[in-house]
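Below: one structure, written as structure tokens.
Keep in mind that this is a model prediction, so the values were computed, not measured. The chain is numbered in sequence order, starting from 1.
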Amino acid sequence: MKIIKIKIENKHAYFGKHSLITSNKNSAGKTTFIRLLLYSFGWHIPSTKGLQFKKLQTELTLENLMIYSI
């Protein structure tokens with residue numbers, strides 16, 4: 001399975017072959033983004049301060065990769 005895109009409300013994030021989540025400063029939302037990604041997979045992730053995940057609409061686009069071995 002490969003993550004193609006996550007949509008949170010009206011914002012999109014696309015994942016390429018070698019996606020990396022980085023920021024030059026602290027408190028930019030990297031951990032919150034990862035938590036929202038896990039939440040969109042269906043994991044029970046507690047909300048963060050000031051952001052209630054249950055009130056957000058998330059959409060996750062995945063690609064199913066079939067690998068065959070003979």
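Considering only heavy atoms from C-beta on, Leu37 stays 4.5 Å or farther from Thr58 through its side chain.
Hydrophobic cluster membership differs between Phe15 and Leu65, with clusters built from Ile, Leu, Val, Met, Phe, Trp and Tyr side chains linked at under 4.5 angstrom. Leu62 and Tyr39 fall within a single hydrophobic cluster, where Ile, Leu, Val, Met, Phe, Trp and Tyr are joined by side-chain heavy atoms under 4.5 Å apart, directly or via other members. Phe41 and Tyr14 fall into different hydrophobic clusters, where Ile, Leu, Val, Met, Phe, Trp and Tyr side chains are chained together by heavy-atom contacts under 4.5 Å.
Contact record, Leu36 with Ile6: O-CD1, 4.2 Å, taken as the closest heavy-atom pair. Across all their heavy atoms, Ser47 and Arg35 have their closest contact at O-NH2, 3.7 Å. Minimum interatomic distance between Phe53 and Pro46 (heavy atoms only, all atoms of both residues): CE1-O, 3.6 Å. Scanning both residues, Lys30 and Thr22, for their nearest heavy atoms gives CD-C, 3.9 Å.
For the atom pair Ile21 CD1 and Ile34 CD1, the distance stands at 3.0 Å (nearest 0.5 Å). How far CG of Leu60 is from NZ of Lys5: 10.0 Å, rounded to the nearest 0.5 Å. Note that CG of Leu38 and CZ of Phe33 are 10.5 Å apart. Values are rounded to the nearest 0.5 Å.
The main-chain N or O of Gln57 is found under 3.5 Å from a side-chain atom of Glu9 such that the two form a donor-acceptor pair.
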